[in-house]
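Here is the structure we will look at.
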Amino acid sequence: MEKKSIREIASVVFRALTLAMGVAVVALSCIGELETKSAITMLGIGLACAGIVMLEKK
């Protein structure tokens, strides 16, 4: 098994979290189980994770 650096693992986690938050907001909105305040918080977390991934140097 290949060893990965903490930076690589964090990058994958942040990318997955960005996608998961977006999908969760859409899914919960479709079934009517999401309040606006919660949606904004979830999308904010996803956006922050996307920003972190974009700021890291390759």
Side-chain angles (χ1 to χ4, degrees):
M1 189 166 134
E2 206 180 300
K3 278 193 163 184
K4 298 209 183 248
S5 72
I6 293 174
R7 186 173 293 222
E8 290 173 314
I9 293 170
S11 178
V12 171
V13 169
F14 286 133
R15 288 173 195 261
L17 190 57
T18 299
L19 178 62
M21 287 296 177
V23 170
V25 168
V26 170
L28 290 171
S29 293
C30 286
I31 62 173
E33 293 293 324
L34 187 63
E35 295 177 11
T36 304
K37 184 177 179 180
S38 298
I40 291 170
T41 302
M42 292 171 70
L43 290 174
I45 292 169
L47 186 59
C49 290
I52 291 169
V53 169
M54 285 188 229
L55 285 174
E56 73 180 13
K57 294 182 181 181
K58 298 266 174 174

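Side chains included, hydrogens not; waters and symmetry mates left out as well; all remaining heavy atoms used. Numbers here simply count residues along the sequence, with the first being 1. All figures in this text were calculated on a predicted structure; none of them were measured in a lab.
Residues E8 and K4 approach most closely at OE1-CA, 3.5 Å, considering heavy atoms. Summarising the geometry of T18 relative to C49, their closest heavy-atom pair is OG1-CB, 3.3 Å, with the distance given to 0.1 Å.
Between the side chains of R15 and S11, at least one donor N or O sits under 3.5 Å from an acceptor N or O.
Cluster partners of V25, by chain and number: L17, M21, L28, I31, L34, M42, L43, I45. The rule joins Ile, Leu, Val, Met, Phe, Trp and Tyr whenever side-chain heavy atoms lie under 4.5 Å apart. L19 belongs to a hydrophobic cluster whose remaining members, ordered by chain and number, are V23; membership requires side-chain heavy atoms of ILVMFWY residues under 4.5 Å apart, directly or through intermediates.
To the nearest 0.5 angstrom, I6 atom CD1 is 7.0 Å from I9 atom CD1.
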